[in-house]
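In this chain, numbering begins with 1 at the start of the sequence shown. Order of listing sets the numbers, starting from 1, for every ligand and every atom in it.
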Amino acid sequence: MFPRLPPRLPPRIGVTTVFPELSRPVIVAPMAGGPSTVGLVVEAARAGGLGFLAAGYKTPEATAREVAEVRAAGVPFGLNIFVPDTAPADAAEVARYRARLEKDHGPLPDPPLHDDDHFAEKLRIASGVPYVSFTFGLPPAEAVAGLRASGSTVLLTVTSADEARRALTTGPDALIAQAGTAGGHSGTFDPAGYDGAGTALGLLRTMPDAVPIVAAGGTGSAAGVRELLDAGATAVQAGTAFLLADEAGTRAAHRVALTEARETVVTRAFTGRPARALRNHFTDVYGPYAPLAYPAVHHLTASIRAAAAARNDAESINLWAGTAYADARPGPAGGILRTLAGCK
Ligand SMILES: Cc1cc2nc3c(=O)[nH]c(=O)nc-3n(C[C@H](O)[C@H](O)[C@H](O)COP(=O)(O)O)c2cc1C
């Protein structure tokens, strides 16, 4: 009997074919909710990598301001946009979850069941931004074509081979293959079926050959980056590894929790969409009740999370983290990026 070999590796597509400005094939992931800052993105570029601004949850005005600030710094950069969910949340399920939260937290505001995170305005702002990535599903093919015509390189986040096939029908320049090990929300097109299993290397091996792949999820070391590049990734995107960076906007309580011995869990307790986070009181107590109802649950828990952050209480905030969180180190982002890229 011969051992079963892993599928053939895709031919290596060098980083300069998609990212001509990069001298180091490491991308600082977009991290909505605070961690991504203009400073983080600029420092990533100055270190030879690439950073993404996170448009998620922001107003169009704030997004445009950040884009203008990075442009003024004269470095390559990306902008990440959430694709709005078209399936409306179940109002009764949201009401039940609200009642459970209110038992402990008092009256909560009525959350909107749907919002599109200003998708159309953000697409307009993205026009001509050097790199534009999407998560939470597929943008319309016309949007991909429009951005490419404006000079942007378009990247789509996928979490399985099937999603990759569907993504390619919209004509992107590259795919971001995000594994279950990744910190923060999964970009899965099927949140109901998502279990958070699978590594970046395993997912990379299922990706189509002809398209450049950015591998993401659970990478915290130079060895991890090297392994993915050797297996055919064009570049590696890491988020959690930069959460302790000086330039990151990570909250103080989140920073402390990242240095503690915890485990990560996939939870929809905070937002109604599966995301990997450090386990805390909130994930333990409310995780079992949380419905699939993004962004309704995001809005529902916002005041609880804001109050917890104000009192530095790590037990009731979303401590997004990938499985390699113990490798995260404080320091300047450029140093973290160079370390991941294998520079001594
Ligand atoms: C705090 C945090 C926020 C994130 N926010 C976003 C986001 O706004 N858009 C996005 O496409 N991905 C987001 N992600 C996922 C990253 O793009 C990336 O897939 C992930 O960080 C890779 O896994 P790692 O954290 O183990 O490196 C976020 C991740 C973290 C840790």
Among A29, P30, G322, S186, closest by any non-hydrogen atom to atom 14 (N) of ligand 1: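 Answer by nearest heavy atom: P30.
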Option nearest atom 29 (C) of ligand 1 (shortest heavy-atom distance, choices G224, P35, G183):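 The residue whose heavy atom sits nearest atom 29 (C) of ligand 1 is G183.
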4.0 Å heavy-atom contact, G217 with ligand 1: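 Yes, that is the case, since the closest heavy atom of the residue is under 4.0 Å from the ligand.
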Any F82 heavy atom less than 4.0 Å to ligand 1: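 Yes; F82 lies near enough to ligand 1 that a heavy-atom distance drops under 4.0 Å.
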Atoms of ligand 1 close to A182 [distance to a heavy atom under 4.0 angstrom, numbered from 1]: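 Atoms satisfying the 4.0 Å criterion: 19 (O), 20 (C), 22 (C), 23 (O), 26 (O).
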Close-contact set for ligand 1 against T135 heavy atoms, below 4.0 Å: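 It comes down to these atoms of ligand 1: 9 (N), 10 (C), 11 (O).
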Are [X] and [Y] within salt-bridge range, i.e. N to O under 4.0 Å?
{"X": "E43", "Y": "R46", "value": "yes"}
{"X": "R148", "Y": "E142", "value": "no"}
{"X": "D110", "Y": "R98", "value": "yes"}

Would one find an N or O of [X], backbone or side chain, under 3.5 Å from an N or O of ligand 1?
{"X": "A32", "answer": "yes"}
{"X": "G218", "answer": "yes"}
{"X": "T240", "answer": "yes"}
{"X": "N80", "answer": "yes"}
{"X": "Q178", "answer": "yes"}

Parallel, tilted or perpendicular, as decided by the 30° and 60° cut-offs, for the rings of F282 and F270: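 Plane angle under 30°, so parallel.
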Mutual orientation of the aromatic rings belonging to Y294 and Y57 [parallel < 30°, tilted 30-60°, perpendicular > 60°]: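 The rings of Y294 and Y57 sit tilted, inter-plane angle from 30° to 60°.
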Within 45° cone and under 6.0 Å: R166 NZ/CZ vs F189 ring: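 Checked: cation-pi criterion not met.
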Smallest separation among heavy atoms of G331 and I336, with atom names: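 Closest heavy-atom pair between G331 and I336: O-CD1, 3.8 Å.
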Minimum-distance protein heavy atom relative to atom 27 (O) of ligand 1: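 Protein heavy atom at minimum distance: G239 N, 2.9 Å.
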Nearest-contact summary for atom 17 (O) of ligand 1 - protein heavy atom, Å: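 For this ligand atom, the closest protein heavy atom is Q237 NE2, 3.3 Å.
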Residue R279 excluded, over 12 heavy atoms near CZ under 6.0 Å: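 For R279, atom CZ is not crowded (no more than 12 foreign heavy atoms under 6.0 Å).
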Distance-only donor-acceptor check, side chains Y286 and D104, under 3.5 Å: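 The answer is yes; a qualifying pair exists.
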